[in-house]
Asks: 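I'd like to ask you about the structure that follows.
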Number of protein chains: 2
Amino acid sequence: MLRKIDKHSGVPAYLQIINQIKAEILLGNLKAGQQLPTVRELETIFDVNINTILKALERLKAEGLIASEQGIGYFVVKELSIDAEVVAAIKQLVSKLKSKQFDLYTTLVLVEEVWKNERI
Amino acid sequence: MLRKIDKHSGVPAYLQIINQIKAEILLGNLKAGQQLPTVRELETIFDVNINTILKALERLKAEGLIASEQGIGYFVVKELSIDAEVVAAIKQLVSKLKSKQFDLYTTLVLVEEVWKNERI
DNA sequence: TTTAGTGTTCTATATCTATAGAACAATATG
DNA sequence: CATATTGTTCTATAGATATAGAACACTAAA
């Protein structure tokens, strides 16, 4: 599920990488104990320099989400399971917005703004 | 509705400013013809340097969303109205996630990932 | 033991982002 | 006309981000 980052979004590459990996863990696509692709494979997958990969992995390690073993690889440590109902609700909203021709950027901006402006 | 940006999010300040203004226009809180705060007021509101403000306004101008008149100010040009139903749907999702103690960052990451992974 | 495949560390360089500070240009108002 | 308020332009500097390239360290397997 991991894919090329968007180099023109303005969001730092290492952050986009962190976000992708975190999301995969949240969605249950990466489970505890599972090994990540090697750093040199990640270099190809995300299409960034190895140092950028390392910066992202370092942060995820500091958060305790993953761990590394020299000579072996990186592994998911902590599982972050979320409610299936929540995933369903998000899918439903995404579906509605896509059918109304919204683009992802606009959607994210709106969600953020509603989040910060509404007191619920 | 415009507020301080988050200097520690890693997202460039000028992008956060663009996002906020765009969202206000989308939500109808800034309507066509309406004047924005002065650049020096925006400096205070967002808590960033005037050059960062200008960079953001420049981009919004290039997109045709706002226009400037020297000696007078910046004005909203294009209106981007969206379906009230869409806003309601977003509010509903935000409400549900907040009640489940989700944080904004996790929410945005999930929405993005679901958007990119689901073919709908 | 040797080799291939892992992660790890380091230096150097270029570009982007953000700030500070100063000055200039156009407009509206007294 | 003079002044205050607005946008505009410019230079210099610091820090963050990203890349390239090289070398080193640990592990597993031939």
Side-chain angles (χ1 to χ4, degrees), chain A residues 2-22 30 32-78 105, chain B residues 2-22 30 32-78 105:
Chain A
L2 301 175
R3 53 195 140 57
K4 253 191 198 24
I5 61 148
D6 179 357
K7 297 197 177 188
H8 305 293
S9 74
V11 179
Y14 77 95
L15 273 186
Q16 294 186 47
I17 293 169
I18 288 175
N19 289 346
Q20 275 196 46
I21 294 179
K22 225 179 238 181
L30 282 176
Q34 195 167 338
Q35 182 167 5
L36 294 181
T38 71
V39 290
R40 287 171 183 88
E41 280 172 356
L42 290 172
E43 216 181 341
T44 303
I45 293 172
F46 290 120
D47 192 26
V48 297
N49 185 271
I50 191 172
N51 293 311
T52 304
I53 299 291
L54 290 177
K55 183 169 187 175
L57 295 179
E58 199 176 83
R59 304 278 184 114
L60 290 168
K61 234 165 91 170
E63 272 193 72
L65 275 177
I66 64 176
S68 64
E69 294 181 42
Q70 175 136 352
I72 306 184
Y74 278 86
F75 298 86
V76 178
V77 169
K78 204 195 290 179
Y105 170 71
Chain B
L2 302 175
R3 57 196 134 57
K4 252 190 200 25
I5 61 150
D6 178 358
K7 297 197 177 190
H8 304 294
S9 74
V11 179
Y14 77 95
L15 274 185
Q16 294 186 47
I17 294 169
I18 288 174
N19 289 345
Q20 276 196 45
I21 294 178
K22 225 179 237 182
L30 283 175
Q34 195 168 339
Q35 182 166 4
L36 294 180
T38 71
V39 291
R40 287 171 184 87
E41 280 170 355
L42 290 173
E43 215 180 343
T44 303
I45 293 172
F46 290 119
D47 192 27
V48 296
N49 185 271
I50 190 171
N51 293 312
T52 304
I53 299 291
L54 290 177
K55 183 170 187 173
L57 295 178
E58 199 175 84
R59 304 277 184 114
L60 289 168
K61 233 166 93 171
E63 273 192 72
L65 275 177
I66 64 175
S68 63
E69 294 181 42
Q70 174 133 355
I72 305 183
Y74 277 87
F75 299 86
V76 177
V77 168
K78 204 196 289 181
Y105 170 71

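Residue numbers begin at 1 in each chain, while the letters A, B, ... track the order of the sequences.
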Asks: Given atom CD1 of B/I72 and atom P of C/dA25, what is their separation to the nearest angstrom?
Replies: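 Atom CD1 in B/I72 sits about 18 Å away from atom P in C/dA25.
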Asks: Counting only side-chain nitrogens and oxygens, does A/K7 get under 4.0 Å of the OP1 or OP2 atom of D/dT17?
Replies: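 A/K7 to D/dT17 OP1/OP2: no side-chain N or O under 4.0 Å.
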Asks: When rounded to the nearest 0.5 angstrom, what is the spacing between NZ in A/K55 and CG in A/N49?
Replies: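 Atom-to-atom, A/K55:NZ and A/N49:CG are 12.0 Å apart.
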Asks: Any donor and acceptor pair, going by atom type alone, linking the side chain of A/K22 with main-chain N or O of A/L65 inside 3.5 Å?
Replies: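 Absent.
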Asks: Testing A/I17, A/V76, A/I66 for side-chain contact (heavy atoms from CB on, under 4.5 Å) with A/L60, which one passes?
Replies: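 When side-chain contact (heavy atoms from CB on, under 4.5 Å) is applied between A/L60 and each of A/I17, A/V76, A/I66, only A/I66 qualifies.
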Asks: When the distance from NZ of B/K4 to P of C/dA18 is rounded to whole Å, what number comes out?
Replies: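 For the pair B/K4 NZ and C/dA18 P, the rounded distance is 16 Å.
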Asks: Mapping A/R59 and B/L36 to their closest nucleotides on DNA chain D, which lands nearer the 5' end?
Replies: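 On the 5' side of the pair lies B/L36.
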Asks: Between D/dT6 atom C1' and B/E69 atom CD, what is the distance in whole Å?
Replies: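 B/E69 atom CD is separated from D/dT6 atom C1' by 11 Å.
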Asks: Please tell me if A/K55 has a side-chain N or O lying less than 4.0 Å from either OP1 or OP2 of D/dA18.
Replies: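 For D/dA18, neither OP1 nor OP2 has a side-chain N or O of A/K55 closer than 4.0 Å.
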Asks: For B/L15 and D/dA16, give me the distance from atom CG to atom C1', rounded to whole Å.
Replies: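 The answer, rounded to whole Å, is 15 Å.
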Asks: A/L54 near the nucleic acid: base, sugar-phosphate alone, or nothing, with a heavy-atom cut-off under 4.0 Å?
Replies: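 Touches a base.
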Asks: Can a side chain N or O of A/T52 be found less than 4.0 Å away from OP1 or OP2 on D/dT19?
Replies: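 Affirmative; the distance criterion is met.
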Asks: Answer yes or no: is there a donor N or O on one side and an acceptor on the other, between the side chain of A/Q20 and the main chain of A/R3, under 3.5 Å?
Replies: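 The answer is yes, because a donor-acceptor pair under 3.5 Å joins these two groups.
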Asks: Tell me: CG of A/D6 to P of D/dT17, nearest whole Å?
Replies: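 After rounding, the reported distance stands at 17 Å.
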Asks: Would you indicate which nucleotide in C/dG7, C/dA26, D/dT9 comes nearest to any side-chain atom of B/N51?
Replies: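 Nucleotide nearest to B/N51's side chain: D/dT9.
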Asks: Any idea which of D/dT8, C/dT6, D/dA25 is nearest the A/T38 side chain?
Replies: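 Taking heavy atoms from C-beta onward, the closest nucleotide is C/dT6.
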Asks: If I take atom CD in residue A/E58 and atom P in nucleotide C/dG7, what distance separates them, rounded to the nearest angstrom?
Replies: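 It is 14 Å, rounded to the nearest whole Å.
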Asks: Tell me whether the side-chain N/O atoms of B/S68 come closer than 4.0 Å to OP1 or OP2 in D/dT6.
Replies: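 Negative; the distance criterion is not met.
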Asks: Given atom CZ of A/F46 and atom C1' of D/dT17, what is their separation to the nearest angstrom?
Replies: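 Taking atom C1' of D/dT17 as the reference, CZ of A/F46 is at 17 Å.
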Asks: Can a donor-acceptor pair be found, under 3.5 Å and without considering hydrogens, that links the side chain of A/Q16 to the backbone of A/V11?
Replies: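 Yes; judged by distance alone, with no hydrogens or angles, the pair exists.
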Asks: Tell me which of A/G10 and A/Q35 sits closer to the 5' end of DNA chain C, going by the nucleotide each one is nearest to.
Replies: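 Closer to the 5' end of DNA chain C: A/Q35.
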Asks: Under 4.0 Å: is that the gap between some side-chain N or O of A/N49 and OP1 or OP2 of D/dA20?
Replies: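 For A/N49, the contact criterion (side-chain N or O under 4.0 Å from OP1 or OP2 of D/dA20) is met.
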Asks: State whether B/Y74 places a side-chain N or O below 4.0 Å from either non-bridging phosphate oxygen (OP1 or OP2) of D/dT5.
Replies: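 B/Y74 to D/dT5 OP1/OP2: no side-chain N or O under 4.0 Å.
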Asks: Could you check how far CG of B/D47 sits from C1' of C/dA20, rounded to whole Å?
Replies: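 Taking CG of B/D47 and C1' of C/dA20, I get 14 Å after rounding.
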Asks: With a 3.5 Å cut-off and heavy atoms only, can you find an N or O donor on one side and an acceptor on the other between the side chain of A/R40 and the base of C/dG5?
Replies: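 No pair found.
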Asks: Testing B/F46, B/Y14, B/Y74 for side-chain contact (heavy atoms from CB on, under 4.5 Å) with B/I53, which one passes?
Replies: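 Considering B/F46, B/Y14, B/Y74, a side-chain contact (heavy atoms from CB on, under 4.5 Å) with B/I53 is found only for B/F46.
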Asks: Using only side-chain N and O atoms of A/Y14, determine if any of them is under 4.0 Å from OP1 or OP2 of D/dT17.
Replies: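 So the side-chain polar atoms of A/Y14 do come within 4.0 Å of the phosphate oxygens OP1 or OP2 of D/dT17, strictly under.
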Asks: Of the nucleotides C/dT17, D/dT19, C/dT8, which one has an atom closest to the side chain of B/P12?
Replies: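 So the nucleotide nearest the side chain must be C/dT17.
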